[in-house]
Amino acid sequence: YMPEEEKPSILWAQYFNGTLNNGGSGWSVAECPLDNSVYYCEYADHCGANILSRTEGFGFSESYGGPEVYWYLNDEQFLEFGKNADTWIYPAA
């Protein structure tokens with residue numbers, strides 16, 4: 001068992017440039033529910049790491065015609081959010 005303060009912190013984030021509504025841009029970052037039901041949150045937990053998780057209401061939301069709402073951070077919010085990460089994972093296709 002590793003004490004919480006000794007676990008490495010992981011920034012899981014991807015940048016969307018000009019693809020948001022009205023050509024906007026933003027950072028999509030991890031959002032981990034308490035049950036770790038999102039695969040990257042669960043994986044980090046099993047590996048003894050902490051994922052930096054966006055808190056509810058932080059950032060700005062976009063909707064693309066369906067019921068799902070997606071959250072993003074602007075550059076300033078992103079820098080503050082990720083400044084203490086030990087590792088950055090950039091999920092890209």
Side-chain angles (χ1 to χ4, degrees):
Y1 173 77
M2 184 181 296
E4 199 68 28
E5 63 275 359
E6 292 181 21
K7 291 181 177 181
S9 61
I10 298 172
L11 172 62
W12 181 278
Q14 182 175 7
Y15 187 66
F16 290 88
N17 185 20
T19 59
L20 307 184
N21 287 335
N22 299 318
S25 300
W27 292 94
S28 175
V29 298
E31 186 175 350
C32 295
L34 293 177
D35 65 358
N36 276 341
S37 59
V38 179
Y39 76 93
Y40 49 79
C41 304
E42 180 183 14
Y43 188 72
D45 185 55
H46 284 293
C47 292
N50 288 320
I51 292 252
L52 299 178
S53 181
R54 186 190 67 78
T55 56
E56 188 173 335
F58 181 61
F60 63 95
S61 63
E62 296 277 347
S63 182
Y64 301 98
E68 188 70 36
V69 175
Y70 298 90
W71 286 86
Y72 302 93
L73 306 181
N74 64 33
D75 289 345
E76 191 174 293
Q77 292 168 324
F78 176 73
L79 289 172
E80 182 63 29
F81 177 78
K83 70 181 181 183
N84 293 321
D86 296 309
T87 301
W88 178 359
I89 296 176
Y90 190 95

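For this chain, numbers begin at 1 and follow the sequence in order. Predicted model, so just to flag it, every value in this text is computed and none were measured.
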> For the residue pair Ala85 and Leu52, what are the closest heavy atoms and their distance?
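Closest pair (atom of Ala85, atom of Leu52, distance): CB-CD1, 3.8 Å.
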> Got more than 12 heavy atoms from elsewhere within 6.0 Å of OH, Tyr43?
no
> Which heavy atom of Val29 sits nearest a heavy atom of Arg54, and at what distance?
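So the minimum-distance heavy-atom pair works out to CG2-CB, 3.7 Å.
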> Going only through I, L, V, M, F, W and Y residues with side-chain contacts under 4.5 Å, is there a path from Trp12 to Phe16?
no
> State whether the number of non-hydrogen atoms from other residues, nucleotides or ligands found under 6.0 Å of Glu76 atom CD is greater than 12.
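At most 12 heavy atoms, drawn from other residues, nucleotides or ligands, come within 6.0 Å of this atom.
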> Taking a hydrophobic cluster as the set of Ile, Leu, Val, Met, Phe, Trp and Tyr residues connected by side-chain heavy atoms closer than 4.5 Å, whether directly or through intermediates, do Leu11 and Ile89 fall within one such cluster?
no
> Give the minimum heavy-atom separation between Ser63 and Asn21, together with the two atoms involved.
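Heavy atoms of Ser63 and Asn21 come nearest at O-ND2, 3.0 Å.
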> Can you check whether Pro91's main-chain N or O pairs, donor with acceptor, with Gln14's side chain at less than 3.5 Å?
yes
> Which heavy atom of Asn74 sits nearest a heavy atom of Trp27, and at what distance?
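Looking at all heavy atoms of both residues, the closest pair is O-CD1, 4.0 Å.
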> Hey, what do you get for OH (Tyr40) to SG (Cys47), rounding to the nearest 0.5 Å?
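Answer rounded to 0.5 Å: 15.5 Å.
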> On a heavy-atom basis, which atom in Ser53 and which in Cys32 lie closest, and how many Å separate them?
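Heavy-atom minimum between the residues: OG-N, 2.7 Å.
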> Any chance you could measure Thr87, atom OG1, to Ile10, atom CD1, to the nearest 0.5 Å?
6.0 Å
> Can you give me the closest heavy-atom contact between Gly18 and Ser25, atom names plus distance?
N-OG, 2.7 Å
> In the structure I gave you, are the side-chain heavy atoms of Tyr64 and Leu20 within less than 4.5 Å of one another anywhere?
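Tyr64 reaches Leu20 side chain to side chain.
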> Rounded to the nearest 0.5 Å, how far does NZ of Lys7 lie from CG of Asp45?
6.0 Å
> In the single-linkage hydrophobic clustering (I, L, V, M, F, W, Y; side-chain heavy atoms under 4.5 Å), do Tyr90 and Leu73 co-cluster?
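Per the 4.5 Å side-chain linkage, Tyr90 and Leu73 are co-clustered.
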> For Tyr70 and Ser28, run side chain to side chain contact (heavy atoms under 4.5 Å, CB included): C-alpha distance rounded to whole Å, both residues' side-chain angles, the deciding distance at 0.1 Å, then the answer.
CA-CA 8 Å; Tyr70 298 90; Ser28 175; over 6 Å; no
> Would you tell me whether Asn50 and Ser9 have side-chain atoms, one donor and one acceptor, within less than 3.5 Å of each other?
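There is no such pair between these side chains.
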> Only one of Tyr15, Tyr72, Trp88 clears ring pair (Phe, Tyr, Trp, His ring centres under 6.0 Å) with Phe78; which?
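Going through Tyr15, Tyr72, Trp88 one by one, the ring pair (Phe, Tyr, Trp, His ring centres under 6.0 Å) with Phe78 is satisfied by Trp88 alone.
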